[in-house]
Amino acid sequence: MDENTLRAFVIGWPISHSLSPHLHQFWLRQYGINGNYEKIAVPPGELSRFLDDMEKNNFVGGNVTIPHKENVFSSLKYSDEISIRLQATNTLSLESGMLLGANTDGYGFSANLDQHSKNWRKAKTAMVLGAGGAAKAIVLALIDAGFSKIYIANRTVQRAKNLADLMGAECESLPFKEAEKLLSDIQLLVNTTSLGMKGQSPLEIDISQLPKSAIVTDIVYNPLETTLLKNAKRLQLEVVDGIGMLLHQAVPGFEKWFGIRPKVTSELRTHMLNILRAG
Ligand code: ATR
């Protein structure tokens, strides 16, 4: 690093698991940019000081992850429309001394489907499993993509109801266990829960009632082929895995900080999968 190095970060607590540095360092090398992307552990009590010192520390911006997304949003004066609707920030940029917040999670979800599915934008009905932060961004992306019916199924049904009420008339909540019964009308099935992730319980759902034309996607990417996706493939359904959401959500931030809109290529995907495998 020298005094011209453009510095970006990802902050979270804990942060050691974050794969984002590998992703941004890959692009920095590929495009020959004098930049750096650092993983910084920021405890909740130090968040506001970190944000206040960003300019002094020569940061151009960075990513925000658990548990800071909502608190960063609340502390900002300037936020993009999506993060206002989600009340959560995952991308920060300093532009002419102003700290701007954005949320690119929903963009990452849609861009991944755009890259790997020809048909998803024709779909009109979706079943979203889960009602946490990831589900919120995805439901909003589905509304913006023109879905007319979005079921939100969650173990804690009150959480699904709160999300459905917040998001609008297209949304309907139901208990997780009742999702199976509705699958014959579903064109896009999305798992946003952590079920199926390495070390977690499996996602148990019988998807045999999905129509033959249905698309199935999972935000879990470790393992890349989750049991849900394996079962969907066995039924010859269209399948989109979750690593692309991670890759695409990083694009707008990189472009803001370093001035080049980076490409999500098969080389990048292979690089990140190798890191996951080694991890
Ligand atoms: P994120 O913000 O990353 O989406 P989260 O807010 O912790 O994470 O949400 C995790 C989701 O996985 C929730 O929908 C959660 O269901 P609850 O709201 O009932 O907690 C779901 N989830 C996690 N473990 C689960 C399990 N064993 N069975 C069913 N759902 C589970």
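Any value given below was found using the heavy atoms of this structure, including those in side chains, with hydrogens, waters and symmetry copies removed. We count ligands from 1, going down the list as the structure has it; atoms in each ligand are counted the same way. In this text, all values refer to a predicted model and were calculated from it rather than measured experimentally.
Legend: salt bridge (Lys or Arg N to Asp or Glu O under 4.0 Å) pairs involving residues 29-38, not counting sequence neighbours, sorted by first then second residue: Arg7-Glu38. Listed by first and then second residue, the salt bridge (Lys or Arg N to Asp or Glu O under 4.0 Å) pairs that reach into residues 111-140 are Asp114-Arg121, sequence neighbours excluded. Applying the salt bridge (Lys or Arg N to Asp or Glu O under 4.0 Å) test to every pair with at least one member in residues 233-246, sequence neighbours left out, gives these pairs: Glu225-Lys233, Asp241-Arg269.
A side-chain donor-acceptor contact under 3.5 Å links Asp218 and Thr226. In the model, Asn274 has a side-chain atom that pairs as donor or acceptor with a side-chain atom of Arg277 under 3.5 Å.
The two residues Ala88 and Ser83 make their nearest non-hydrogen contact at O-CB, 3.1 Å.
Closer than 4.0 angstrom to ligand 1 lie heavy atoms from Gly130, Ala131, Gly132, Gly133, Ala134, Asn154, Arg155, Thr156, Arg159, Thr193, Ser194, Leu195.
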